[in-house]
There are 2 protein chains.
Amino acid sequence: MTQSFLTEEPQREEPTTPASPASKPVKLGRKRDHTRDPAILEAALAVLAETGYDGMTIDMVAARAKAGKATLYRRWPSKAELVLDAVACLKKADTDPARLPDTGTLRGDLTAMIKPHTIEDGERKLQIMAGLMSMLNSTPELVDTATAAIVDPRVAVNRIFLRRAVDRGEIPSDCDLETLALVSPSMAAFRVLVLKKTVDRDFLLSLIDGVILPAVGLGVGPTRRLTEDGSTDTR
Amino acid sequence: MTQSFLTEEPQREEPTTPASPASKPVKLGRKRDHTRDPAILEAALAVLAETGYDGMTIDMVAARAKAGKATLYRRWPSKAELVLDAVACLKKADTDPARLPDTGTLRGDLTAMIKPHTIEDGERKLQIMAGLMSMLNSTPELVDTATAAIVDPRVAVNRIFLRRAVDRGEIPSDCDLETLALVSPSMAAFRVLVLKKTVDRDFLLSLIDGVILPAVGLGVGPTRRLTEDGSTDTR
DNA sequence: TATATACGATACTATTGAGTTTCGGATCTT
DNA sequence: AAGATCCGAAACTCAATAGTATCGTATATA
């Protein structure tokens, strides 16, 4: 089970034709309304982000989705599977190189990703990740699922920007691109998950100008430098 | 309540002198055996690291410490307070500059910290941190406690090494030392908490040689890019 | 229209675990 | 010695919740 819309058995090929001589278990009665799946999964993610996996109850999710508890259990066999499916169905950030910013400089590309919407989306996903933490040990496959949905896309974007910079000769080709692409996702996650601070523009700029760009040999331009002791927070 | 040994009311100043005319509540009977506190806190940390806060039960801790459940509740009012105290009493890594390696180079200092014992200790603390994750939202003060016990010492060590390198002129003084000191603690934590991978020597070296040193203008190893690149550099 | 199934709501069952109490025995003060 | 308090062990209370079952209603097939 990976995608919620595929949790049911594959559609009967011709549900309208009854003319089957042999064993053809045609479904009778009201059909399951799969148009509600996204709302339920969305509710699960919201509760997950707010209360964490252990604090989350099925009743909370059902109430938030305005659905009955039994409906949830008709579609997912357990709380764990529901959460797993919700994470798997999380819409990934766009990593299509064609739709990514391409400003001609590494710094331009990296800072172009600092947009309110992007920051909000990232924060929300990290809150979801925080809610998943207690589940990661008991559900090993969740590590891959969550990584694929939340971490990998961010890393992929950074990798693209770095590779472009190498290709255009802006930075040397012997940089450790893989490790560098992990820097900001790791440090942003750490900041949200452990430090419980927000990931704001200043923090992201301090990563770009204080770590990434210097590490590829691009000293920071005329401006920049974060005031001692980190950026604004608010926890 | 911060240190386990201080959880009890401050010692009666003269418990042996009964000659008090007014209200002097002298304690009678068997004394609480505080020599067992460390074993109990140690058991709590072990269970915490293994099962996480939600999976951890008081009975597990009592059993592991070979103590009675009631004994634990005589000393700590709740599961949460026990855990909080256990984390607060975690022995911090040594950050005394006098006992830190001082090899004369930044890379020497940083790699000198890569020792089996140091790695093991760090891994254990990160497992404890992982176990605390689900508690961080409901217990805000735990953020500071855990940060002080687990994160801050590591950051402090890196800060010392970086500052030394500045002082000896090895690296420029306008580096963002605060952000750089956070890199390896953040990325190691992320690797353990989210990726569920181990923090091994290779990973730590890739942080040092792929991120930290390049970011302060020290290409890795004896040879490195900037020299043959023509222009002096640009750092 | 008759039948089968999904729906939301709600009651129910069974388990788990935090925190309390009780007990026989040990250790302290006086 | 006597009384108070600690100890580990184990029984107990009580609230929360995952998962199931039931109900009246809505919607599908035949």
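Proteins come first, then strands; the chains are lettered A, B, ... in the order of their sequence lines, and each starts at number 1.
Side-chain atoms of B/T139 do not come within 3.5 Å of backbone N or O of B/L136 as any donor-acceptor pair. In this structure a side-chain-to-backbone donor-acceptor pair under 3.5 Å is missing from A/T51 to A/L48.
Between the side chains of B/S184 and B/N158, at least one donor N or O lies within less than 3.5 Å of an accepting N or O. Looking only at atom types and distance, the side chain of A/D54 has no donor-acceptor partner in the side chain of B/S134 under 3.5 Å away. When only modelled atom types and interatomic distance are considered, A/T35 and A/D33 share a side-chain donor-acceptor pair under 3.5 Å.
One interatomic measurement links the two molecules: CD of B/E81 to P of C/dA18, which rounds to 15 Å at whole-angstrom precision. A straight line from CZ of A/R32 to C1' of D/dA26 spans 16 Å, rounded to a whole angstrom. In this entry the distance linking CG of B/D33 with P of D/dA4 reads 22 Å, nearest Å. Distance, B/K27 NZ to C/dT30 P: 13 Å, rounded to whole Å. A straight line from CZ of B/R36 to P of C/dA26 spans 16 Å, rounded to a whole angstrom.
Residue A/L28 has its side chain nearest to D/dT29 when only C/dT29, C/dG8, D/dT29 are considered.
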Letter by letter from the 5' end, nucleotides 16-21 of chain D scores (B base, S sugar-phosphate only, - none; protein heavy atoms under 4.0 Å) -SBBBB
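The base of D/dA28 is not paired with the side chain of A/R30 by any donor and acceptor separated by under 3.5 Å.
A cation-pi arrangement, defined by a distance under 6.0 Å to the six-membered ring centre and an angle within 45 degrees of its axis, is present between A/K79 and A/Y53.
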